[in-house]
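This report concerns only the one structure given below.
Order of the sequence lines fixes the chain letters, A, B, ..., with proteins taken first and strands second; residue numbering starts at 1 for each chain.
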Amino acid sequence: MSKLTQKDAYELFHEGVLALSKAEQVGMRIDLNYLHKEKKRITFKVKHLERELHQTKLYKDWEKYFGAKININSSLQLRDILYNKYKLKPINTTAAGFGKTDDETLSQIDVLGLDLILKIRKLQKIRDTYLENFEREQVDGYIHPFFNLHNVITFRSSSDRPNFQNIPKRDKEAMKAVRRAIYARPGHLLMEADFSKLEVSIAACYHKDPTMLKYLTSEHNDMHRDLAAQLFKIDDFDRHIPEYGYLRSAAKNGFVFPQFYGDYYVGCADSLAKWTKLPHSRFSGKEGVTLPNGIPISSHLINQGIKNYNQFENHIKQVEDDFWNRRFKVYQQWKDRWLAAYQRKGYFDSLTGFRYRGIYRRNQVINYPVQGAAFHCLLWSFIQMDKWLFENNMDTKLIGQIHDAMVLDVNPNELQKVYQKIREITTQQLPATWDWIIVPLDISFEITDVDKPWADKYEYEV
DNA sequence: GGAACTCGCCAC
DNA sequence: AAACGTGGCGAGTTCC
């Protein structure tokens, strides 16, 4: 097949809009009774936490400072109390240069009551951003989130009224509280099919770095493991030992992904130190997460010649150099060429035929075509699946999409067929149709049981 | 009373 | 030389 053109891009979005609009019409069933009860429960709990907060010195000082205008939901007032009245030295600052009052910062400040502020914030977020919105948007017990293809600079999608693409997932309490409200139609089940490591795979289709291709092709190679071993200077790194599994996550989320998005060693060192609980000072040997042999990671690093944070940061700088100039040298060369070509031409094209015109920063030029084309893999699959469901008169319906995942409302009698077809479309038909896809694609599934809420999802393997 | 802004936080 | 990409949305705040 020849290179995809802007006409192909147009047709993808044209068909995409039609398929997405059908999903919008189906929508998701909402448990209104639960919504009502959960909102009341949260409101009750918030009131209780507020009463507790009223007993603290923090609240009393706050009241003195702001009088009748006191509002514990105001982060500006809180900022005033912490950094002006208490004169604490800001750990982090906002873009505008003020001391931050976010979760990460507040949990490091030793002032009684801040934990209550955070708990209240979290509960209100669940109630006001999600549950309240579902109730407002529902029609006859169904929400119909919109899926837009015309809003996003990268040619990804967005979703609104309500946004279906930011439903809590990692935080267990928030995940359960929100997803407990969402169901498939009566007698049906929910299914989510996610591409695995899609953006990394699509990036590899642009740069074709042989080391990366090997990581993506071989089951036995593990990039995050290798980076964890290098970042923390561990020779016998076995990812199945829990302490090492944790360091692998730290390497993945604190170094590898940020590097792919364009971060540099200063931010990565800071992030890695947070993950591993290392201080921004001299290491005594007692700080940090514990290794399998029982010693703290700071002690291990001291033995490796890294005696303080500056030396740690410098080590991360060296790993970064090695990452781009040796390990993924071809990837780096592609980035340089890609940027230079944009600077020459004034635009760049995605592998899916989309043309990006405009004034972009370096990281945007590198990231947009990857982010866009990765989503287009999902959209293409979504369209094929929609056609197949229609042509085969299936009762199962597509109902949503989250950048690299599709969500379906499945008739249990069709579960096997649907599962097989999604596998076929995403891992066989897609790479066969778009021959620029030069890495194997993989997809994973989650389902609920019939008439169970989305909170009760579990991994599905045949 | 609404527009535009900051800040915070949820997803990928 | 500079330094993490894309959204939506709520609350609070300020300005008009």
Okay, side chain of Q77(A), backbone of N71(A): is any donor-acceptor separation there less than 3.5 Å?
yes
Positional range of nucleotides in DNA chain B within the contact set of chain A, heavy-atom, under 4.0 Å:
dC7(B) to dC12(B)
Check every atom of dA11(C), dG12(C), dC4(C) against the side chain of S74(A) and return the nucleotide holding the closest atom.
dG12(C)
Would R29(A) and Y142(A) count as a cation-pi pair here, with the cationic atom under 6.0 angstrom from the ring centre and within 45° of the axis?
no
Report the C-alpha separation of E38(A) and R180(A) in whole Å, then their side-chain angles, then the decisive distance to 0.1 Å, and conclude whether the salt bridge (Lys or Arg N to Asp or Glu O under 4.0 Å) test is met.
CA-CA 10 Å; E38(A) 182 66 4; R180(A) 167 70 182 73; over 6 Å; no
How far does OG of S157(A) sit from CG of L149(A), to the nearest 0.5 angstrom?
6.5 Å
With a non-hydrogen cut-off below 4.0 angstrom, is K100(A) in contact with a base, only sugar-phosphate, or nothing?
sugar-phosphate
Does a side-chain N or O from N151(A) land closer than 4.0 Å to OP1 or OP2 of dG8(C), or not?
yes
Closest to the D128(A) side chain, choosing from dC4(C), dG8(C), dA11(C):
dA11(C)
Have a look at Y130(A) and say if it touches a base, only the backbone sugar-phosphate, or nothing, with a 4.0 Å heavy-atom cut-off.
sugar-phosphate
Which range-with-range stems can be found for DNA chain B when each stem has 3 or more Watson-Crick or G-U pairs in a row and both distances sit under 3.5 Å?
B:1-12 with C:5-16
Ignoring the backbone of R161(A), work out which of dG8(C), dC9(C), dG5(C) is nearest its side chain.
dC9(C)
What is the distance from CG of L76(A) to P of dG12(C), rounded to the nearest Å?
11 Å
Between K329(A) and D209(A) (salt bridge meaning N to carboxylate O under 4.0 Å), is one present in this structure?
no
Can you figure out which of dT6(C), dG8(C), dA3(C) approaches the side chain of Y264(A) most closely?
dA3(C)
Check every atom of dC4(C), dG8(C), dG12(C) against the side chain of N71(A) and return the nucleotide holding the closest atom.
dG12(C)
Report which part of the nucleic acid G262(A) touches: base, sugar-phosphate, or nothing (heavy-atom distance under 4.0 Å, all strands).
sugar-phosphate
Determine whether a donor-acceptor pair (N or O, by modelled atom type, separation under 3.5 Å) exists between the side chain of T93(A) and the backbone of G99(A).
no
Stepwise, does the side chain to side chain contact (heavy atoms under 4.5 Å, CB included) test hold for W380(A) with T352(A)?
CA-CA 10 Å; W380(A) 187 92; T352(A) 42; over 6 Å; no
